[in-house]
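Just below is one structure, and these are the notes that go with it.
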Amino acid sequence: MGQNDKIESPCTNICQIHPETRLCIGCARSIEEIMDWARMSAKERAKIMAELPKRQPRPEV
């Protein structure tokens, strides 16, 4: 895979799934999204990337 072929990822290397929200604290993806990421189309990944800023990986106190 060439450098231009790399799949964009929101991963921040803070990989911890919050027990209540079931989202990664680092990137706000679900475990299912993380597992399927490499198999998703660019369009599917772009849709999720657009949604991530609106997600709350940790419950508000």
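Computed from a prediction, not measured in an experiment: that's the story for all the values here.
Residues I48 and M40 have side chains in contact (heavy-atom distance under 4.5 Å, counting atoms from C-beta outward). Between M49 and P10 there is a side-chain heavy-atom pair separated by less than 4.5 Å.
Scanning all heavy atoms of the two residues, the minimum distance from C24 to I34 falls at CB-CD1, 4.0 Å. Closest of all the heavy-atom pairs between R55 and E33 is NH1-OE1, 2.7 Å. Across all non-hydrogen atoms, the minimal contact from A28 to L23 is O-CD2, 3.5 Å. Here the closest non-hydrogen pair linking H18 and P57 is CB-O, 3.3 Å.
A single hydrophobic cluster is seen to contain both I17 and M35, as judged by linkage of ILVMFWY side chains at heavy-atom distances under 4.5 Å, directly or through other members. Using a 4.5 Å cut-off between side-chain heavy atoms of Ile, Leu, Val, Met, Phe, Trp and Tyr, with links allowed through other members, L52 and W37 fall into the same hydrophobic cluster.
Interatomic distance, T21 OG1 to E60 CD, rounded to the nearest 0.5 Å: 11.5 Å.
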side-chain contact (heavy atoms from CB on, under 4.5 Å) between R45 and S9, intermediate numbers included:
CA-CA 8 Å; R45 290 191 302 269; S9 173; over 6 Å; no
